Amino acid sequence: MVKMTMVQAINSAQDVMLEKDNSVVVFGEDAGYFGGVFNCTEGLQKKYGKQRVFDTPIAEGGIIALAIGMGVNDMRPITEIQFSDYIYPAFDQIVSEASRLRYRSGGEYWAPITIRTPCGGGIRGGQTHSQSPEGIFTHVSGIKTIMPSNPYDAKGLLISAVEDDDPVVFFEPKRLYNGPFAGDPTQPPQSWDSHKKGEVPAGYYTIPIGKAETVRAGSDLTIITYGTMVHVSLAAAELSGYNVEVIDLRTLIPLDIDHIAASVCRTGRCVVVHEATKTGGFGAEILSQIQEECFWKLEAPITRVAGWDIPYPHAFEWEYFPGQGRVLAAIKLVMEG
Amino acid sequence: MVKMTMVQAINSAQDVMLEKDNSVVVFGEDAGYFGGVFNCTEGLQKKYGKQRVFDTPIAEGGIIALAIGMGVNDMRPITEIQFSDYIYPAFDQIVSEASRLRYRSGGEYWAPITIRTPCGGGIRGGQTHSQSPEGIFTHVSGIKTIMPSNPYDAKGLLISAVEDDDPVVFFEPKRLYNGPFAGDPTQPPQSWDSHKKGEVPAGYYTIPIGKAETVRAGSDLTIITYGTMVHVSLAAAELSGYNVEVIDLRTLIPLDIDHIAASVCRTGRCVVVHEATKTGGFGAEILSQIQEECFWKLEAPITRVAGWDIPYPHAFEWEYFPGQGRVLAAIKLVMEG
Amino acid sequence: MVPNSGINLDVPAPRHRPGEAPEFDNLDIPNAGTVPKPDIMADPREMFGYANTLIRVLNMKHQAVGEWDPQLSADDLRTGLRDMLTTRLYDDRMQTMQRVGKMSFYMKSRGEEAVAVAQAMALDKKDMLFPSYRQQGLLISRGRDLLDMMNHCLSNSRDNCKGRQLPIMYTWRQGNFFSISGNLGTQFCQAVGWALASAYKGEDAIAATWIGEGTTAESDFHHGMTFAAVYNAPVLLNVVNNQWAISSFQGIAGGEKATFAARGFGYGMPGLRVDGNDFLAVYAVTKWAADRARAGGGPTLIEHFTYRADAHSTSDDPSKYRPEHEPEAWPLGDPVDRLKNHLIDLGEWSDERHDQAIAEITAMVTAKYKEAESYGTLNSGARPEVSSMFEDVFATQPDNLRRQRQQLGV
Amino acid sequence: MVPNSGINLDVPAPRHRPGEAPEFDNLDIPNAGTVPKPDIMADPREMFGYANTLIRVLNMKHQAVGEWDPQLSADDLRTGLRDMLTTRLYDDRMQTMQRVGKMSFYMKSRGEEAVAVAQAMALDKKDMLFPSYRQQGLLISRGRDLLDMMNHCLSNSRDNCKGRQLPIMYTWRQGNFFSISGNLGTQFCQAVGWALASAYKGEDAIAATWIGEGTTAESDFHHGMTFAAVYNAPVLLNVVNNQWAISSFQGIAGGEKATFAARGFGYGMPGLRVDGNDFLAVYAVTKWAADRARAGGGPTLIEHFTYRADAHSTSDDPSKYRPEHEPEAWPLGDPVDRLKNHLIDLGEWSDERHDQAIAEITAMVTAKYKEAESYGTLNSGARPEVSSMFEDVFATQPDNLRRQRQQLGV
Ligand SMILES: Cc1ncc(C[n+]2csc(CCOP(=O)(O)OP(=O)(O)O)c2C)c(N)n1
Ligand SMILES: Cc1ncc(C[n+]2csc(CCOP(=O)(O)OP(=O)(O)O)c2C)c(N)n1
Ligand SMILES: [Mg+2]
Ligand SMILES: [Mg+2]
């Protein structure tokens, strides 16, 4: 085990896979020589050559199309979309092509591609460098959606994604790249060094896709969350004085509903937390499935804490961000009515 | 009042607006001389000239960009995306541009555009002519989303959409174009002639955006639905023997939650029905909001009936389509446990 | 409110609409044999002229002339003719069957058979094809059993797409024929990716892809061109300019301002414009581009100048948007007739042999169709297992799909 | 598992990387004054050569030579120089303020000032501008108060974007300057729509838009080109080829295979390639294209051949990906110096006047900045009302946003 930031863990996962499997290539805007605007591919071109780790034209749609074509020809491309706010030009290739290729071809062709993309706010990025668009992918059949919350999971899940034969959209909460973040920007930055999940094996290992993890056990209430909000939720749980269970989904699709339902049916109370805008977000799906599975056990309405239904405003980042206060208020509401 | 099919009502709305307002133009693939592959713009080029109703290159992204630019220059473009399955190439222009232009410019610029697009299955269109992608738009702040279920609403809502200063995505359930459809393809086709909402004023009128309509009153259970599923739900309600209330949303965003909640809080039971794939669909949002608003009044879990989480398979259209049987089963489940 | 002048808005329109007499007098068609053949490694910057002419081999007397004559053997020519005929007769049969309700939909390739058949012959079997929906001739030339094609179109129990795709959206892995998408253009840059993977592996196989002239307006065209040029991909990028895109003529895609082949120039790749109804010219141009790609010369854009002689699909009626007799007015003739006449001119074919070939192929198509129907049609007979509709969404079925399958009771 | 040869995969790389000595010896730069000036209504098919040369007016002796000399008055030249200087000094100040934490982000336009300033001068005020993020000179030339620009960058209480946008993503309706998007390229085809609406209304205003050479790979470039060509839109389509796109050189966008101006050819529109550091050449080319558009000649593609002399933004360090002294090696010099020297050569300017102008502008920028800070910065002082963040999502606030606002307690 070595200490790694999330950037290093993501870099390491790609390094491991480039080393292990010649069919793995890495590409994206500024992902080659420069090593990516967040350094997630730093050093990889130098190590593996520019045929395996390379820069692309600025055309997200072209990048994904290229990856699909390579995937059909036995490769396992890892692509980087520089910010998930810029994934929309690739939407058609992801949604109409990668996600349905296996189905429409009766299983003859498929696209074993991984789409890495930083998401989320908290870095003063304004409306075009802060989005969390996972909710428009979770509605699309045929795509797996992952969002890790720490270095250890990130590396293990990314390796799983690369080895997976289905297209995977791998969201990286950029606010966590260099340290855990519990939602309070006035606190000094934390480091992954002192975090248990900052300990990461140097070599190959995997974390299974589709498995949630209980990161805090509790009996009063269950928080279902993922990404940056795991840390915010843990802090709010701590502050609440209640015995709050926190589940980190890690994989959104396929959703580990059995794990979730078991917890909520036990606690009878639930708060769903994400950073994406509320209406139509993945939280609605989580809430719906819990309601379907645990209705008779619920002692209070399931409550969602999410970004407001507005673009991420540059000057009001912290008013937008669903911080500890909002999670805490929801816990109180659900516990106390 | 005259009898109109949904195609004629949509054509008439555009005719009325072209007549009334010189800033209205209509364009799309095959929408000019040919009058659209579903005839929704038939005759309009002849009547208003090719400067006002015209064909476009096959580039949905370009079509919407063009509309935005025209909208910024005082026009009110109505665009046709030939099938909503082909709206994805325009996704970036809709989501990153039209929807956020007013916000990001501090209100200095906006895009008063209407995006008409046929959706839904039941016409043997296979996976690429049958989709209901409304759920990926309802998650995006700054877009209004409409899906009428009959000629009268279609015309009144389309005129409202054109006059609205916000971007509107206007989904047209193509299975309803030429007659109501209650979900049973073995029945002879119905005609709008004998349907109350097939009576449509010849001239200008509007239906407000954001208002749901109760299309069947009942006290046992509320069905929340929209589009083709309104007809399927009404038929299932009839068959069920229960006193089922059916609400036709008509507008998805902004959602008329007060209207919905009033009904469900009264009946205590609810089924949400749509044709789109279930996971992450707009039904999840409806369910979530009802759960939040009516929790203490609910006597059974809210249940969703929706398309399966798979692409729309050509040969299994009717196994995919959430027909009367599936709605009926859900009513029974919610009523009888 | 704006004034309604529309005055300077310039919307292109075709020369003739229904009710008018068709003609193509504006076309500037060079004589066969007049365009020289450049070296396969020629610098694209010098090749500019090839995009603004028309490479033709078969002259009006049905002779093969000029540098581009590929010098095919009579056997090869007969194979090409037979495959084009098969394509046409297959199309006719399937369209008829659609008309009587056996299928939901159909699209013919009448008038464009040379594009698919000559290109398939000029490529190697190992080369990967990323077609649009109007190159069924590729399958036929590569020897796919018509029975399998029919099974697919009927969505029956032997459909290799398992009933999931519209008719004509074929897939044939064994024949290196990619899955056709219902979404226009999406394959264009995918082909580039496939080609790059081949180059990466140091393999000799190249990729070829096809897009309609109408579809060149989609972003995929631009992405394919850009990525192919930047990485010098071994790929053939074909634009099939059949003059029409459903109801809109090629001017709506920009065809009145420049040729589609001319696009190549801006990306730094050769753009060749070829008489798409001239089997020999299509073959020769394809071979040139394939040789170039295999030699490391990178991508070539080929515009096939042809004419869609029938409706867009079974869903439209072309007499609504173009003169009824426009197909006959097409000055570059019919690809089947032209190759037939060439063979006759060579003394290698006759009207009798031709009629006999038609009779044989028709009988074969009929027999195959009969067999295909025995495996079911969309409306009756056997279908794939219903439960299969929940498969192949992912490599392995996740829980939610298993539960949904159970809910449907299959 | 595939073999790891990567052998034929051709990934372009710049001529020099950090640690190496920069040079641009490969560039083929024609002398100023050598390119003729075509008629504004010239047929694009004949204009092919203009995309493969470089239109230049200022020669090495700082004289204006040749047909493209726009013959501007000394006053106009001084205005241009002053606006370029203002742009540069404004940029410097703002970058410094970002470095000390007053702003989240900044992007300079050093080296590219002529593109924005000369173009703004050559256009009419009624013409609509759809810029990318590196044409702040447009605002300055059109007379926007620097105070307002600063207020925006600081997201303060007087920011006309109400704190919603990153710095430099300006909006200025009054000045016919469109809202800059953070998404690359999206404005390119929007400008075409605006221009078509102008044509529709029979108005005389045209549109102009800018895109980086890296961004030409996006679909928006292709859509803008296609729609502009098809409908003959009165629009100027500018590609600012400043050699770099963050860390990737212009070869990654295809610049080693063809010029960006050459793209015009395939769409049937003129493509002009101009020395972007030559104020007079940029002015003249812009004027030519604007005259053409206004006369009904349709769109023109202009490639501005220039060099990004500083970092991409405050978020990157160019010494990580290009030679440290590459900016100084750029053979086409600095636009400010070149115009200054031209004016001096004309006897209309002097080093003293130049220094004095710098001093004046610096003082003005300092004063403006001081005032701007008094209205708040991102981190302290006044901001727009928090409740305003729930406005302008829609024209009128829907219920869910009202409720969310109340939930936040604002
Ligand atoms: C993305 C997308 N947009 C629209 C359509 C609908 N559509 C199907 S075929 C067609 C016309 C294509 O014309 P062209 O590219 O010239 O090909 P051709 O049919 O002539 O072979 C259109 C608009 C589609 N299938 N996909
Ligand atoms: C759609 C999209 N993709 C990626 C980015 C990230 N990005 C911002 S600027 C930039 C480089 C642009 O280079 P170029 O077009 O040459 O413009 P320049 O910065 O040189 O003016 C990139 C990749 C973005 N803003 N939008
Ligand atoms: Mg066509
Ligand atoms: Mg650049």
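Owing to the predicted nature of the structure, the values given are computational and were not obtained by experimental measurement.
- Shown here are the side-chain hydrogen bond (donor to acceptor under 3.5 Å, both in side chains) partners of Y321(D), two or more places apart in sequence or in another chain: R308(D), D316(D).
- Under the 3.5 Å distance criterion, the side-chain polar atoms of K257(D) are matched with a main-chain donor or acceptor of A229(C).
- Of all residues spanning residues 234-250 of chain C, none has a heavy atom less than 4.5 Å away from chain D's heavy atoms.
- Here the closest heavy-atom approach between residue A233(C) and residue V192(C) is recorded as CB-CG1, 3.9 Å.
- Remark: side-chain polar atoms of T53(C) are not paired, donor with acceptor, to backbone N or O of Y50(C) under 3.5 angstrom.
- Scanning both residues, G266(C) and R263(D), for their nearest heavy atoms gives O-NE, 2.9 Å.
- Residues of residues 209-223 of chain C that come closer than 4.5 Å to chain D, counting heavy atoms only, are T216(C), A217(C), E218(C), S219(C), F221(C), H222(C), H223(C), ordered by residue number.
- Contacts between S198(D) and chain C at a heavy-atom distance below 4.5 Å are absent for every atom of the residue.
- Of all the listed residues (L9(C), V11(C), L196(C), I252(C)), the one sharing the greatest number of non-hydrogen pairs under 4.5 Å with chain D is L9(C).
- Contacts of F48(D) with chain C are made by side-chain atoms alone, with heavy-atom separations under 4.5 Å and no backbone atom involved.
- Within a 6.0 Å radius of NZ in K287(C), no more than 12 heavy atoms belonging to other residues, nucleotides or ligands are found.
- The contact between A253(D) and chain C is made entirely by backbone atoms, counting heavy-atom distances below 4.5 Å.
- The backbone N or O of R45(D) lies less than 3.5 Å from a partner atom in the side chain of D43(D), making a donor-acceptor pair.
- Here the closest non-hydrogen pair linking W288(C) and D39(C) is CZ2-O, 3.3 Å.
- Judged by distance alone, with hydrogens and angles left aside, the side-chain atoms of R17(C) form no donor-acceptor pair with the main-chain N or O of R322(C) at under 3.5 Å.
- Within the 4.5 Å cutoff, side-chain heavy atoms of P331(C) are placed close to those of I29(C).
- The contact list for residues 292-307 of chain C toward chain D, using heavy atoms and a distance under 4.5 Å, is empty.
- Note on T259(C), N232(C), T226(C): by heavy-atom pairs under 4.5 Å with chain D, the leading option is N232(C).
- Side chain of D124(D) to main chain of A205(D): no donor-acceptor pair is present (N/O by atom type, distance under 3.5 Å, no hydrogens or angles).
- To the nearest 0.5 angstrom, D127(D) atom CG is 11.0 Å from T286(D) atom OG1.
- The aromatic rings of F178(C) and F130(C) lie tilted to each other, with the angle between the two planes from 30° to 60°.
- With contacts defined as side-chain heavy-atom distances shorter than 4.5 Å, the pair L123(C)/L129(C) qualifies.
- Rounded to the nearest 0.5 Å, atoms CG (N52(C)) and CZ (F265(C)) are 10.0 Å apart.
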